[in-house]
Amino acid sequence: MTNESKSHMEPLVQWHEGLSVGIQEIDEQHKVLVNLLNELHVAIHQHHGRAASIATLERLADYTKTHFTVEESLMRILGYPDYENHKQHHEVLISDLESFQQRVAAGDAITFELLHFLRNWLTHHIQEGDQRYSSFFLQRGAQPKWQKKNWLDRFWSEIAG
């Protein structure tokens, strides 16, 4: 692969409207997750080094936990009926991520298996599980768009890294 082709590498996940849940705050968080996953993809493909890849994986895991906390808080506050099932899906991913992190810390390489697992999990979870709560949240008063650009816009981007 030439340096020119490396700099024009296709993202692992391309954000598209099919990933939108129709609630800007959650969509912005999902975009950060997509960007972190793409950053990890680039780090592995372009051989940025083990330490850089591990740091990106750690940021992805930390941000995922933060995002799940937000989603689960909204579910509890709004009385989402499928909360327990959705929370269980979150817990499985966190467990899988922690297992991958332990394997990497023990010397395993960050592989394309991990990238593809995360891509498939993220896109499936957003398009299936998260889409299900969207209309419920909106019916319960969640705002689809921020009324004005505010500190949350910067917060969700800056917390990722």
Side-chain angles (χ1 to χ4, degrees), residues 11-44 52-105 110-161:
L12 183 65
V13 179
Q14 183 70 49
W15 180 263
H16 55 86
E17 284 307 305
L19 292 175
S20 173
V21 297
I23 302 169
Q24 185 178 4
E25 187 162 339
I26 294 172
D27 285 346
E28 295 302 323
Q29 292 174 32
H30 286 161
K31 288 176 186 176
V32 171
L33 290 170
V34 165
N35 289 338
L36 286 167
L37 187 54
N38 286 332
E39 188 179 319
L40 184 60
H41 176 67
V42 168
I44 292 170
S53 295
I54 289 172
T56 304
L57 178 59
E58 186 173 313
R59 285 179 30 233
L60 176 63
D62 289 346
Y63 193 86
T64 299
K65 291 173 187 175
T66 299
H67 169 67
F68 287 171
T69 299
V70 170
E71 275 191 357
E72 291 167 14
S73 293
L74 288 170
M75 289 177 188
R76 283 191 315 275
I77 289 166
L78 298 173
Y80 183 59
D82 199 33
Y83 164 74
E84 290 296 333
N85 184 48
H86 201 97
K87 182 176 176 16
Q88 184 177 22
H89 285 274
H90 287 171
E91 290 171 353
V92 168
L93 177 66
I94 294 300
S95 176
D96 290 344
L97 272 172
E98 288 172 347
S99 174
F100 277 118
Q101 286 180 290
Q102 289 169 0
R103 287 177 30 203
V104 169
I110 298 175
T111 64
F112 294 108
E113 168 197 3
L114 170 62
L115 287 174
H116 292 286
F117 165 78
L118 291 172
R119 179 193 64 200
N120 292 338
W121 191 94
L122 180 65
T123 56
H124 177 76
H125 184 74
I126 291 171
Q127 291 176 317
E128 299 293 324
D130 290 356
Q131 291 290 345
R132 277 189 232 123
Y133 69 62
S134 177
S135 62
F136 182 86
F137 281 16
L138 291 167
Q139 290 171 356
R140 292 290 178 113
Q143 297 298 307
K145 299 273 184 214
W146 291 329
Q147 300 303 311
K148 61 181 180 175
K149 194 170 181 90
N150 60 23
W151 66 274
L152 281 174
D153 184 31
R154 290 188 312 276
F155 176 77
W156 293 126
S157 296
E158 290 175 9
I159 194 172

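It should be emphasised that the depicted structure is a prediction, and the values quoted were computed from it without experimental measurement. Counting begins at 1 with the first residue of the sequence.
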About how many Å separate [atom2] of [Y] and [atom1] of [X], when rounded to the nearest 0.5 Å?
| X | Y | atom1 | atom2 | result |
| --- | --- | --- | --- | --- |
| Y83 | L74 | OH | CG | 11.5 Å |
| I94 | T64 | CD1 | OG1 | 6.0 Å |
| L78 | F137 | CG | CZ | 5.5 Å |
| S53 | L40 | OG | CG | 6.0 Å |
| H90 | E72 | NE2 | CD | 5.5 Å |
| L57 | L97 | CG | CG | 6.5 Å |

Please verify the inter-ring angle class for [X] with [Y]; under 30° counts as parallel, over 60° as perpendicular, anything in between as tilted.
| X | Y | result |
| --- | --- | --- |
| H67 | H30 | perpendicular |
| Y133 | Y80 | perpendicular |
| H89 | H125 | tilted |

Counting C-beta onward and ignoring hydrogens, is there a side-chain heavy-atom pair between [X] and [Y] closer than 4.5 Å?
| X | Y | result |
| --- | --- | --- |
| L114 | R103 | no |
| F68 | E91 | no |
| L118 | L60 | yes |

Item to check | Considering all heavy atoms, the nearest G79-F136 contact | outcome: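 Smallest heavy-atom distance, with atoms named: O-CZ, 3.4 Å.
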
Checklist entry - What is the minimum heavy-atom distance between I23 and S134, and which atoms define it? => result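 Where I23 meets S134 most closely, the heavy atoms are CD1-O, 4.1 Å.
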
Would you be so kind as to tabulate the donor-acceptor pairs closer than 3.5 Å made by side chains of residues 11-20, with sequence neighbours excluded?
unit_1, atom_1, unit_2, atom_2, d
H16, ND1, G18, N, 3.1
S20, OG, G22, N, 3.1
S20, OG, D27, OD2, 2.6

Item to check | Side-chain donor/acceptor of S99 to backbone N/O of S95, under 3.5 Å | outcome: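 No.
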
State whether [X] and [Y] are salt-bridged, where the test is any N-O pair (Lys NZ or Arg NE/NH1/NH2 against Asp/Glu carboxylate O) under 4.0 Å.
| X | Y | value |
| --- | --- | --- |
| E39 | R59 | yes |
| E28 | K31 | yes |
| E98 | K65 | yes |

